[in-house]
Amino acid sequence: MTCEPTRLPTAADVDAAAARLAGIAVRTPLLFSHVLSERMGARVFVKPETLQRTGSFKFRGAYNRMVQIALSARPAGVVACSSGNHAQGVAMAARLLGMPAVIVMPHDAPELKRARTRALGAEVVGYDRASEDRDAIAAAIAQARGAILVPPYDDPQVIAGQGTVGLEIMEDLAAQGLQPDLVATNASGGGLAAGIALAVKSRAPQARVVLCEPAGFDDHAHSFRTGMRERNAAPTGSFCDALLAPMPGRITFEVNRTLVGEAASVSDAEVAHAVAYAFRELKLVVEPGGAVALACLLEGRLGVSGGTVAIVLSGGNVDEATFIRCLRA
């Protein structure tokens with residue numbers, strides 16, 4: 001028996017997600033940065049999803065997926081895998097929708113993210129990132145409880161929810177009579193990049209969308225080169241804890257290899273500099289994983305030569321010790 005292929009998300013799905021999220025998710029501002037614009041010789045805007053509910057863009061996709069769960073299925077709850085940001089997004093959505101949630105989180109996830117996930121009412125189940133399969137653990141829990149799995153990225157409705165970041169960028173630029181020449185965002189499994197690409201490319205086909213990754217965890221860059229999904233060599237090794245998915249998602253890669261196709265990477269040291277830069281110059285607190293696109297811009301990895309540029313700052317859930325380390329780097 002052959003499985004039916006999963007339908008790929010579309011720009012129309014992003015529009016529908018925006019309607020579901022209206023009044024629920026924060027419409028984060030698109031901020032023009034004088035200091036970045038002068039430095040780069042371009043009109044540079046930043047999209048601070050650090051100001052989103054739970055401190056990252058992840059709430060958008062989680063809520064868009066979960067609000068569509070039938071009322072009769074909600075008492076059994078949901079199960080998700082996450083190193084922290086998707087965990088909090090799912091936990092918050094579950095609380096708003098009156099559903100129980102179980103989150104499978106690695107033992108090395110920042111304690112701040114684990115504590116906040118529990119504080120939102122979710123049950124946290126730990127695992128070893130290097131030796132255990134989080135997807136298998138989550139699937140077993142879901143089967144035992146009759147719960148619904150909410151993937152962190154490889155789901156059409158999760159991707160559509162994340163795509164509202166790109167839709168808002170397009171709408172806010174259009175209100176100023178502008179279209180982007182380049183939109184840069186970080187990537188782990190690729191859900192945010194795929195959603196943004198759907199929204200941006202449907203309205204500005206000429207715009208470049210660039211996917212930004214930590215060095216050593218640049219599986220999208222390798223995958224774009226070979227045309228197939230490639231796995232990272234190691235499961236851990238970067239302090240960008242939000243960006244350590246082992247390989248691109250199946251659905252996300254189908255979208256990204258068509259609409260994105262280019263990636264850039266930066267070292268942890270360069271990311272630390274970007275975190276400090278965001279604090280000192282932009283007056284924003286950004287976690288390492290959320291600052292990778294900014295780091296790529298600052299290090300000249302995006303090929304910016306004038307025009308209008310939008311940089312997504314995807315999250316701000318950083319513990320004090322890591323933040324201080326970045327400021328002192």
Side-chain angles (χ1 to χ4, degrees), residues 7-31 45-71 73-74 78 80 82 84-99 101 103 116-117 120-122 148-175 183 185-186 188-203 209 242 251-252 255 290 310 312-317:
R7 182 184 69 84
L8 295 180
T10 65
D13 292 322
V14 178
D15 293 340
R20 295 185 195 101
L21 289 166
I24 305 293
V26 175
R27 186 185 177 102
T28 55
L30 185 67
L31 304 174
F45 295 81
V46 294
K47 178 73 166 169
E49 281 294 288
T50 54
L51 306 178
Q52 186 53 257
R53 293 183 87 150
T54 72
S56 90
F57 74 96
K58 287 288 192 176
F59 174 74
R60 296 173 182 261
Y63 187 87
N64 186 56
R65 172 66 184 89
M66 292 165 62
V67 76
Q68 297 180 71
I69 294 174
L71 293 177
R74 292 184 184 182
V78 294
S82 171
N85 285 339
H86 182 58
Q88 292 172 82
V90 169
M92 173 62 82
R95 189 171 79 173
L96 293 174
L97 296 168
M99 302 169 67
I103 313 295
R116 286 186 174 174
T117 301
L120 287 167
I148 291 173
L149 284 167
V150 181
Y153 46 85
D154 221 15
D155 178 279
Q157 295 305 323
V158 170
I159 294 168
Q162 319 306 26
T164 58
V165 173
L167 177 59
E168 291 172 11
I169 289 172
M170 296 304 296
E171 290 176 344
D172 289 351
L173 286 177
V183 178
T185 184
N186 64 284
S188 182
L192 176 60
I196 287 175
L198 288 168
V200 170
K201 288 290 196 175
S202 67
R203 292 163 175 80
V209 179
I251 300 171
T252 60
V255 175
V312 177
L313 306 176
S314 65
N317 293 314

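- A heavy-atom distance below 4.5 Å is not found between the side chains of Gln162 and Ile196.
- Considering every non-hydrogen atom in both Pro9 and Pro156, the closest pair reads CB-O, 3.7 Å.
- Heavy-atom minimum distance, Ala73 versus Ile148: CB-CD1, 4.1 Å.
- Side-chain contact between Asp172 and Arg27 is present, with at least one heavy-atom pair separated by less than 4.5 Å.
- Remark: the backbone N or O of Gly61 is not paired with any side-chain donor or acceptor of Asn64 at under 3.5 angstrom.
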Applying side chain to side chain contact (heavy atoms under 4.5 Å, CB included) to Arg74 and Val78, what does each step give before you reach the verdict?
CA-CA 8 Å; Arg74 292 184 184 182; Val78 294; over 6 Å; no
Ser82 vs Val90, test: side chain to side chain contact (heavy atoms under 4.5 Å, CB included). Steps then yes/no.
CA-CA 10 Å; Ser82 171; Val90 169; over 6 Å; no
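- Not one N or O on the side chain of Asn186 forms a donor-acceptor pair closer than 3.5 Å with the backbone of Leu313.
- Using a 4.5 Å cut-off on side-chain heavy atoms (C-beta onward), Thr252 and Ile159 make contact.
- In this structure, Met66 CE and Arg20 CZ are separated by 14.0 Å, a value rounded to the nearest 0.5 Å.
- The CG atom of Asn317 sits 9.0 Å away from atom OG1 of Thr117, with the distance rounded to the nearest 0.5 Å.
- Shown here for Ala199 and Val14, the closest heavy-atom pair between the two residues is CB-CG1, 4.2 Å.
- Closest of all the heavy-atom pairs between Ala62 and His86 is CB-CE1, 4.5 Å.
- Closest approach of Thr164 to Gly161, counting heavy atoms only: OG1-O, 2.6 Å.
- In this structure, Phe57 and Asn85 have side chains that are not in contact, with every pair of non-hydrogen atoms separated by 4.5 Å or more.
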Working note: Thr54 + Arg116, criterion side chain to side chain contact (heavy atoms under 4.5 Å, CB included); need CA distance, chi angles, decisive distance, verdict.
CA-CA 9 Å; Thr54 72; Arg116 286 186 174 174; over 6 Å; no
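- Not a single donor-acceptor pair under 3.5 Å links the side chain of Lys58 to the backbone N or O of Ala87.
- Nearest heavy atom pair, residue Lys47 against residue Leu30, reads CB-CD1, 4.1 Å.
- Between Leu96 and Met92, some side-chain heavy-atom pair lies under the 4.5 Å cut-off.
- Proximity of Glu49 to Thr185: side-chain heavy atoms (C-beta onward) are nowhere separated by under 4.5 Å.
- No donor-acceptor distance shorter than 3.5 angstrom exists from the side chain of Arg60 to the backbone of Ala160, with no hydrogens or angles considered.
- Between Ile24 and Arg53, the closest side-chain pair of non-hydrogen atoms falls below 4.5 Å.
- Looking at heavy atoms from C-beta onward, Val150 lies out of side-chain contact with Asp155 at the 4.5 angstrom threshold.
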